[in-house]
Amino acid sequence: MEYARQGARAAAALVEVGMDPETAVLAQDLVNEQVLLYFLAGQRRGEPATGAEEIAQLRRRMLDDVRGEAPQPVVGAFERVVSGSPEDWFQRKIEVVLDGIAASFPLGEKHLRM
């Protein structure tokens, strides 16, 4: 399966630049899961959304399930996130994941010059 092959290639590339193998697999898995979840969020009844606006509409429908389940500040946060750009929120999540990966990466002098 191409998904697994791509993951193996990404992990191998991270190992080549100095990351230990287990952390490399963890890093590629975290990023791949976010990409997969973003794709699946744009699905409805097995049919992919055709664009960013359709993905946004599907996300806004989720608000009905949130209201009444959490305090207003949390509901308000969901509303702001879901009403915003799906791409912006995806980018924000990926940045958090990558920042966490970077924090665990043993950067040495040679890596800082790359």
Side-chain angles (χ1 to χ4, degrees):
M1 166 186 237
E2 186 56 31
Y3 184 81
R5 286 190 289 270
Q6 181 278 332
R9 287 190 301 269
L14 293 171
V15 169
E16 285 179 21
V17 296
M19 189 174 278
D20 73 86
E22 188 169 321
T23 303
V25 171
L26 175 63
Q28 71 79 31
D29 192 37
L30 287 167
V31 171
N32 283 356
E33 284 178 353
Q34 287 304 306
V35 171
L36 182 59
L37 286 172
Y38 181 77
F39 171 77
L40 292 175
Q43 303 262 329
R44 185 172 177 93
R45 291 183 225 120
E47 298 174 18
T50 58
E53 182 52 36
E54 195 171 341
I55 291 171
Q57 288 174 3
L58 291 172
R59 293 172 76 226
R60 285 191 288 271
R61 287 186 200 128
M62 292 187 312
L63 286 175
D64 292 336
D65 296 329
V66 171
R67 293 183 180 107
E69 295 296 322
Q72 181 52 43
V74 173
V75 172
F78 269 97
E79 289 171 344
R80 287 187 298 281
V81 168
V82 171
S83 296
S85 163
E87 292 88 356
D88 290 347
W89 187 246
F90 176 71
Q91 179 66 32
R92 192 167 167 195
K93 291 193 304 185
I94 289 296
E95 286 173 5
V96 169
V97 170
L98 293 177
D99 286 347
I101 292 167
S104 69
F105 196 98
L107 288 178
E109 285 291 319
K110 72 175 188 169
H111 295 103
L112 293 174
R113 293 185 207 143
M114 297 178 96

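Note that the structure is a prediction, hence the values are computed from the model and not measured.
- Taken together through direct or relayed side-chain contacts under 4.5 Å among Ile, Leu, Val, Met, Phe, Trp and Tyr, Val15 and Val25 form parts of separate hydrophobic clusters.
- When hydrophobic clusters are built by joining Ile, Leu, Val, Met, Phe, Trp and Tyr residues whose side-chain heavy atoms come closer than 4.5 Å, directly or via intermediates, Val81 is not grouped with Phe78.
- The side chain to side chain contact (heavy atoms under 4.5 Å, CB included) check on Ile94 picks up Val31, Gln34, Phe90, Leu98, with sequence neighbours excluded.
- Environment of CD in Glu22: sparse, with no more than 12 heavy atoms of neighbouring residues, nucleotides or ligands closer than 6.0 Å.
- Between Asn32 and Gln6, some side-chain heavy-atom pair lies under the 4.5 Å cut-off.
- Separation of atoms CD (Gln28) and CZ (Arg9) is listed at 11.0 Å; rounding is to 0.5 Å.
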Under the side-chain hydrogen bond (donor to acceptor under 3.5 Å, both in side chains) rule, what do Glu87 and Gln91 come out as? Steps first, then yes or no, please.
CA-CA 6 Å; Glu87 292 88 356; Gln91 179 66 32; over 6 Å; no
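- A search for side-chain hydrogen bond (donor to acceptor under 3.5 Å, both in side chains) contacts involving Arg92 returns nothing, not counting sequence neighbours.
- Note on Leu26 and Val17: same hydrophobic cluster, where clusters join Ile, Leu, Val, Met, Phe, Trp and Tyr whose side-chain heavy atoms are under 4.5 Å apart, directly or indirectly.
- Expressed to the nearest 0.5 Å, how far OG1 of Thr23 lies from CD1 of Ile101 amounts to 9.5 Å.
- Residues Ala11 and Ala24 come closest through the heavy atom pair O-CB, 3.5 Å.
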